[in-house]
Amino acid sequence: QVQLVESGGGLVQPGGSLRLSCAASGFTFRRYAMSWYRQAPGKERELVASITSGGSTNYPGSVKGRFTISRDNAKYTVNLQMNSLKPEDTAVYYCRAGIDGSWGQGTQVTVSS
């Protein structure tokens, strides 16, 4: 079955960077879009980046220019490079598989001084 395992979260100061990774298994990774979402306390889960099977990317205005999604089809991984982090980026970040909408367990990102 589809499995997604996120890693790379942690505590970072405002203005800092983090790189999240999502290791996928259980499906033919290269054929499907992948995405990253986040959920802050008391808020709905929101999309922060998506990438198609062909490598086209999409970002909401809140992260555009600061976050970069990429994929490595050989390694079955999708990454999220986050730069210029702000306190409002604090959330649990989730990976989602385009094949069936499966979610990973999430990784906590905290941006605080």
Side-chain angles (χ1 to χ4, degrees):
Q1 72 274 21
V2 174
Q3 289 191 324
L4 303 170
V5 179
E6 299 97 335
S7 61
L11 173 65
V12 62
Q13 292 187 342
S17 298
L18 277 177
R19 183 176 176 86
L20 306 183
S21 291
C22 172
S25 62
F27 63 105
T28 306
F29 181 80
R30 68 181 184 277
R31 294 182 179 175
Y32 297 95
M34 297 292 295
S35 53
W36 284 95
Y37 285 73
R38 68 186 179 189
Q39 188 166 21
K43 295 188 176 181
E44 293 187 355
R45 197 170 294 191
E46 62 174 355
L47 176 71
V48 294
S50 63
I51 186 166
T52 67
S53 58
S56 296
T57 58
N58 186 54
Y59 308 91
S62 58
V63 308
K64 199 167 188 176
R66 300 189 297 122
F67 290 12
T68 302
I69 189 172
S70 61
R71 64 190 299 158
D72 186 332
N73 290 335
K75 295 183 178 179
Y76 275 48
T77 59
V78 58
N79 303 304
L80 185 67
Q81 178 67 41
M82 306 186 295
N83 298 329
S84 302
L85 283 161
K86 304 174 182 180
E88 52 263 44
D89 295 318
T90 295
V92 179
Y93 283 71
Y94 298 90
C95 177
R96 191 177 195 190
I99 183 172
D100 65 356
S102 293
W103 299 96
Q105 84 287 353
T107 186
Q108 176 70 48
V109 172
T110 302
V111 184
S112 175
S113 55

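Heavy-atom basis, side chains included; hydrogens, waters and symmetry copies ignored.
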Q: Return the minimal non-hydrogen interatomic distance between P60 and V48, and the atom names on each side.
A: CD-O, 3.2 Å
Q: Check whether I99 and Y37 end up in the same hydrophobic cluster, where Ile, Leu, Val, Met, Phe, Trp and Tyr are linked by side-chain heavy atoms less than 4.5 Å apart.
A: no
Q.
Donor-acceptor pair, distance only, cut-off 3.5 Å: does the side chain of E6 make one with the backbone of Q105?
A. yes
Q: Could you please spell out the steps behind the side-chain contact (heavy atoms from CB on, under 4.5 Å) verdict for F29 and K75?
A: CA-CA 9 Å; F29 181 80; K75 295 183 178 179; over 6 Å; no
(Q) Donor-acceptor check, side chain of R96 to backbone of G101, threshold 3.5 angstrom: yes or no? (A) yes
Q. So which heavy atom on A91 is nearest to which on A40, and how close?
A. CB-N, 3.8 Å
Q.
Is it the case that over 12 heavy atoms from other parts of the model lie below 6.0 angstrom from the CD atom of E88?
A. yes
Q. Is Q108 reaching over with its side chain to a backbone N or O of G10, donor-acceptor style, under 3.5 angstrom?
A. no
Q: Flag the pair R19 / L80 as yes when at least one side-chain heavy-atom distance between them is below 4.5 Å, and no otherwise.
A: no
Q) If you round to the nearest 0.5 Å, how far is CD1 of I51 from CZ of R71? A) 6.0 Å
Q) Other hydrophobic cluster members with V5, side-chain heavy atoms of Ile/Leu/Val/Met/Phe/Trp/Tyr under 4.5 Å, chained? A) none
**Q.** Heavy-atom pair of closest approach, residues L4 and S102
**A.** CD1-O, 3.3 Å
(Q) Between F67 and W36 (judged by ring centroids, cut-off 6.0 Å), do the two rings come close enough to count as a pair? (A) no
(Q) Working to the nearest 0.5 angstrom, can you tell me the gap between Q39 CD and W103 CH2? (A) 8.5 Å
Q. Which residue pairs pass the side chain to side chain donor-acceptor pair (under 3.5 Å) test when at least one of the two sits in residues 46-63, sequence neighbours left out?
A. R38-E46
Q) Just by distance, do the side chain of S113 and the backbone of Q13 share a donor-acceptor pair under 3.5 Å? A) no
Q: With rounding to the nearest 0.5 Å, note down the distance linking SG in C22 to CG in N79.
A: 9.0 Å
Q: May I ask you to decide if the ring planes of Y32 and F27 are parallel, tilted or perpendicular, using 30° and 60° as cut-offs?
A: perpendicular
Q: Looking only at non-hydrogen atoms, find the nearest pair between V78 and C95 and report the distance.
A: CG1-SG, 3.7 Å
Q | Student check: side-chain heavy atoms of R66 and D89 closer than 4.5 Å | A | yes
Q) Less than 4.5 Å apart, any side-chain heavy atom of L18 and any of Q81? A) no
Q. Mind checking whether V111 and V63 sit in one hydrophobic cluster, side chains of I, L, V, M, F, W, Y counted as touching below 4.5 Å?
A. yes
(Q) Contact between L11 and S112 at the side-chain level, heavy atoms closer than 4.5 Å - yes or no? (A) yes
Q: Assess whether side-chain hydrogen bond (donor to acceptor under 3.5 Å, both in side chains) is satisfied between N83 and S17, documenting all intermediate values.
A: CA-CA 4 Å; N83 298 329; S17 298; 2.9 Å; yes
Q.
Just so I know, are the side chains of V109 and L20 near enough to count as touching, which here means a heavy-atom distance under 4.5 Å?
A. yes
